[in-house]
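Treat the numbers as computed from the prediction; the structure is a model and nothing was measured. Scope of the values below: all heavy atoms of this structure, side chains included, with no hydrogens, waters or symmetry mates. Below, chains carry the letters A, B, ... as their sequence lines are ordered, and counting in each starts from 1.
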4 protein chains.
Amino acid sequence: MTDKARAYFQIAASSGVPIYRQLIDQVKTHVATGALKPGEFLPSVRQVAAELEVNPMTVSKAYSLLEKEGVLEFARGQGMKIREGSASGDDLTKREDQMVPLLKEVVVKASQLSLGPEKVTRMLGNIWKREADHE
Amino acid sequence: MTDKARAYFQIAASSGVPIYRQLIDQVKTHVATGALKPGEFLPSVRQVAAELEVNPMTVSKAYSLLEKEGVLEFARGQGMKIREGSASGDDLTKREDQMVPLLKEVVVKASQLSLGPEKVTRMLGNIWKREADHE
Amino acid sequence: MTDKARAYFQIAASSGVPIYRQLIDQVKTHVATGALKPGEFLPSVRQVAAELEVNPMTVSKAYSLLEKEGVLEFARGQGMKIREGSASGDDLTKREDQMVPLLKEVVVKASQLSLGPEKVTRMLGNIWKREADHE
Amino acid sequence: MTDKARAYFQIAASSGVPIYRQLIDQVKTHVATGALKPGEFLPSVRQVAAELEVNPMTVSKAYSLLEKEGVLEFARGQGMKIREGSASGDDLTKREDQMVPLLKEVVVKASQLSLGPEKVTRMLGNIWKREADHE
DNA sequence: GTGGTCTAGACCACC
DNA sequence: GTGGTCTAGACCACA
């Protein structure tokens, strides 16, 4: 049971984004990309908490909210697993849906700054290339 | 002197973003677009507070932080004005700089979701068109 | 957990200098002298407020500004701690830097009064000795 | 009557020090150094206000406070003049007295920073020399 | 438990 | 008139 949690989650301690939100987003992403399949178990609250050095309450909160959203399912005595109904396999639509809110923000901010779609698209391309080079 | 504040600021009461942050961002945007020029006075704390129906302290906090950042200058007994050194006229580079952090987020999230630049660009275009239609 | 705050801060109720400024200066001084080391937690806002009998918001303002300046770091749910990058150990240079502005004032005022360096130095020595005797 | 005010006063618009305080200090300094002698008239409120481009109320406030302190005397229909009883000629003691509060501040701050008199004196000497070079 | 944000209302210094 | 500071007390997000 070594490093099982760290395989799934990487938290950026001080990125402004709440830790529980980071956990939630990453589970969703893994489900959307198919890295986590329906029926599969997630590492336990304690395990995640220990490995990521965060408060167990924080992990628990993330799992609870995911359960309420219908992404996870509580299997008594065994832990949390990906819900059967959950986006099977690699669902492109679901992944795209996760991008939409952020892209809307981009449109709004660009309008405020009077930057047209072409200009923004060009900037986005440049940033993408630069990031790719860094890797 | 009617509605001077409302011409500059529109706050989204409960968007999660703190009011004082919204004010700060909007002043910066107006400076970047040239809507507010160096030397120009901002509406007084009390005026903004009254028109937007927020607490004067909230506005004051925004102005103070903008002063600390060097965007505003305090003219004693007269109010706050745009600092002379501040981005004069309509500075395209400065406006673009304000877009960068958001676009970086897009790149990161897209990578997590294994969405390529073409796909994201297409999505962005669609959202942009849809937003335009709504107006 | 008694008097933790009073060990770090002593405010001069009505010295003209705003309370939040006094707090800021004292944190900086403690960091510069090494009394507060990187990673160390400061007493909580509420604790300081209670012990010094000032409003929590006043303490909060001081802490926030120190965070903006990069001296403190906000550990969510745990409090404020000295930022890792902050002047480690006992940094003589940093302490001296804090003296410079005041000494510049001395030079300016002395020039206005046509008082030479020797005279001022002698006066400073006398005052120092007198203060020492009082203790 | 050209530039009479500017010969006596130089205000640093945004030095943090209130304008009326700067005016008061400078009158006192000029009296202490003998640049302004008892019986001599100061430039009128309007003249000072116009030449320094400050609000007449501000100049008036400075003059009033100086009158209350016994430095100035109001000569009806002629303006403000240096009070007869005021420090005659070049009073060294009076000039030194004006330095004391600032030097006390130096001692206090130095103690807080654990900087000894020798070190501070050396720093003061250096700053003095540097300032002299700049002129 | 932690700090962050906001409100309502007061007083002050400055112009 | 301007902003700056402080208080008292409330609610929220996060760990």
*Within the structure shown, what part of the strands sits under 4.0 Å from B/Met57 by heavy-atom distance: base, sugar-phosphate, or nothing?*
base
_Among E/dG4, E/dC6, F/dA15, the nucleotide that comes nearest once only the side chain of C/Glu67 is considered_ = E/dG4
*Any B/Arg76 side-chain N or O less than 4.0 Å from OP1/OP2 of F/dT2*: no
*Nearest whole angstrom, please: distance from the P of F/dA15 to the CZ of A/Arg21.*
12 Å
*Starting at CG of A/Leu52 and ending at P of F/dA15, how long is that distance when rounded to a whole Å?*
13 Å
_Is there a side-chain contact between B/Ser64 and the phosphate of F/dG4, meaning an N or O under 4.0 Å from OP1 or OP2?_
yes
*Please report the shortest heavy-atom distance between A/Met80 and A/Phe74, naming the atom on each side.*
SD-CA, 3.7 Å
*Atom CG of A/Leu23 to atom P of F/dA13: distance rounded to whole Å?*
18 Å
*Taking OP1 and OP2 of E/dT5, is either one under 4.0 Å from a side-chain nitrogen or oxygen of C/Ser60?*
no
*Kindly indicate, with the supporting measurements, whether the criterion salt bridge (charged side-chain N to carboxylate O under 4.0 Å, His left out) is fulfilled by A/Glu69 and A/Lys28.*
CA-CA 11 Å; A/Glu69 281 193 51; A/Lys28 283 189 187 171; 2.9 Å; yes
*Counting just side-chain N and O atoms, does B/Lys61 come under 4.0 Å of either OP1 or OP2 of E/dT5?*
yes
*At their closest point, which heavy atom of C/Arg83 faces which heavy atom of C/Leu72, and how far apart are they?*
CD-O, 3.8 Å
_Closest non-hydrogen atom pair, D/Gln98 against D/Ala32_ = NE2-CB, 3.8 Å
*In whole angstrom, what separates B/Leu66's CG from F/dG4's C1'?*
16 Å
*Side chains of D/Glu105 and C/Val106: closer than 4.5 Å at any heavy-atom pair?*
no
*Closest to the B/Pro18 side chain: E/dT7, E/dC6, F/dG3?*
E/dC6
*What are the two closest non-hydrogen atoms of D/Ile82 and D/Glu73, and how far apart are they?*
O-OE1, 4.3 Å
*So which one's nearest nucleotide on DNA chain F is more toward 5', B/Ser44 or C/Thr58?*
B/Ser44
*Value in whole Å for how far the C1' atom of F/dG3 lies from CG of B/Leu72*: 12 Å
*Name the nucleic acid region contacted by C/Asn55, choosing base, sugar-phosphate or nothing; use a 4.0 angstrom heavy-atom cut-off, strictly under.*
base
*Nearest-nucleotide wise, let me know which of C/Ile19 and A/Val54 is further upstream toward the 5' end of DNA chain F.*
C/Ile19
*Using atom CD1 of C/Ile24 as one end and atom C1' of F/dC6 as the other, report the distance to the nearest whole Å.*
15 Å
*Specify the separation, in whole Å, of atom CD1 of A/Ile11 and atom P of F/dC14.*
14 Å
_With hydrogens left out and only the distance checked, is there a donor-acceptor pair under 3.5 Å joining B/Arg46's side chain and the base of F/dG3?_
yes
*Selected nucleotide, minimal atom distance to B/Gln78 side chain, candidates F/dG3, E/dC15, E/dA8*: E/dC15
*Distance below 4.0 Å between D/Tyr20 side-chain N/O and E/dC14 OP1 or OP2*: yes
*Separation of C/Leu65 atom CG from E/dT5 atom P, in whole Å?*
12 Å
*asked:* Return the pairing partner of E/dT2 with a 3.5 Å limit on both distances, Watson-Crick or G-U wobble; otherwise return none.
replied: F/dA13
